[in-house]
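Heads up: the structure comes next, in structure tokens.
Along the sequence shown, residues are numbered consecutively beginning with 1.
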Amino acid sequence: TSPTSSGIKQSTGGLIENKRKRSLLSSMEDFTAYQMTNTFEVRSPYYFWNQLENILGATFRADVKFMKLTKDRMGCVIDVPSKYEEFIDDTWCDSNKVTLFKMTELPELEDYDPRRRFGNGNGHGHSNGYGNNNYGRSKRK
């Protein structure tokens, strides 16, 4: 057998597929797609980033390459290096609020555009740069 540029090995009897895992989410090799679900709607993915770091550690969180909120904003999807699968199985415990599981199908994802969150998209919104508005605050003179 000889490898081809696509990573598929050819043999005289036909094709043998490469056995490396690919993420359902991004199709990246050696990554596994996971979904986190929550019992309430969140405003941003930071809640889920914090959950990952608090339960699985900062090193794990740093190795997660992608996170996107689900359309209902009650969950997110992430790409995790496949080397962490056993670690997640051994370490993660679902709570009554948050669950984490390997994805078998892609849920509907949010089309996030930060320019739509505040104002009219022309850069003249009411954001203070941290996702909060300034309503209810008095201006200093």
Side-chain angles (χ1 to χ4, degrees), residues 1-140:
T1 64
S2 62
T4 65
S5 62
S6 65
I8 298 175
K9 294 181 180 179
Q10 291 180 321
S11 73
T12 55
L15 292 178
I16 301 171
E17 289 188 27
N18 189 345
K19 295 293 184 186
R20 296 183 82 161
K21 288 186 173 185
R22 288 188 175 271
S23 165
L24 177 65
L25 183 58
S26 67
S27 296
M28 290 192 317
E29 279 189 0
D30 297 323
F31 276 78
T32 304
Y34 281 82
Q35 183 172 349
M36 291 180 76
T37 60
N38 192 34
T39 58
F40 54 90
E41 187 176 308
V42 297
R43 291 175 36 157
S44 77
Y46 293 112
Y47 172 81
F48 295 109
W49 284 117
N50 289 334
Q51 290 292 317
L52 289 175
E53 187 168 337
N54 290 338
I55 296 170
L56 299 172
T59 301
F60 174 84
R61 183 189 189 276
D63 282 349
V64 172
K65 297 297 180 205
F66 181 84
M67 180 183 286
K68 186 141 178 119
L69 289 176
T70 56
K71 190 166 187 123
D72 65 6
R73 303 180 66 80
M74 293 180 70
C76 71
V77 293
I78 58 176
D79 261 346
V80 176
S82 297
K83 68 181 182 182
Y84 284 111
E85 286 185 49
E86 188 174 330
F87 172 72
I88 292 170
D89 290 343
D90 293 344
T91 308
W92 182 271
C93 290
D94 288 343
S95 72
N96 58 350
K97 291 183 181 177
V98 181
T99 61
L100 177 69
F101 55 91
K102 283 184 197 176
M103 288 176 23
T104 56
E105 60 184 42
L106 192 62
E108 280 192 82
L109 301 176
E110 180 183 56
D111 291 326
Y112 179 70
D113 181 355
R115 295 171 296 174
R116 287 189 325 203
R117 301 286 292 162
F118 302 101
N120 59 11
N122 65 4
H124 300 291
H126 299 286
S127 174
N128 66 5
Y130 295 99
N132 298 319
N133 65 40
N134 291 320
Y135 297 124
R137 294 186 183 166
S138 61
K139 292 183 181 181
R140 294 184 185 192

Looking only at heavy atoms, which two atoms of [X] and [Y] are closest? And how far apart?
| X | Y | value |
| --- | --- | --- |
| Ser26 | Ser23 | N-OG, 3.2 Å |
| Gln35 | Pro107 | OE1-CG, 3.7 Å |
| Thr104 | Leu24 | C-CD2, 3.6 Å |
| Thr70 | Cys76 | CG2-N, 3.9 Å |

With a cut-off of 3.5 Å and sequence neighbours excluded, list every side-chain donor-acceptor pair involving residues 45-55.
from	atom 1	to	atom 2	distance (Å)
Asn50	ND2	Tyr46	O	3.3
Glu53	OE1	Arg61	NE	3.4
Asn54	ND2	Asn50	O	3.2

Among residues at least two apart in sequence or on other chains, which ones pass side-chain contact (heavy atoms from CB on, under 4.5 Å) with [X]?
| X | value |
| --- | --- |
| Met74 | Glu41, Asp72 |
| Asp30 | Arg20 |
| Glu85 | Lys21, Thr32, Tyr34, Ser82, Lys102 |

Q) Can we say Lys71 and Glu110 salt-bridge, meaning some charged N sits less than 4.0 Å from an Asp/Glu carboxylate O? A) no

Practice prompt. With the side chain counted from C-beta on, respond yes when Leu25 and Leu109 share a heavy-atom pair under 4.5 Å apart, and no when they do not.
Written response: yes

Is there a side-chain contact between Val42 and Ser44 in this structure, where contact means two heavy atoms from C-beta onward sitting under 4.5 Å apart?
no

side-chain hydrogen bond (donor to acceptor under 3.5 Å, both in side chains) filter on Ser95, not counting sequence neighbours, yields none

Side-chain donor/acceptor pairs under 3.5 Å, residues 86-94, sequence neighbours excluded:
from	atom 1	to	atom 2	distance (Å)
Thr91	OG1	Phe87	O	2.8
Trp92	NE1	Asp94	OD1	2.6
Asp94	OD1	Leu100	N	3.1

d(Asp79 CG, Met67 CE) to nearest 0.5 Å is 11.0 Å

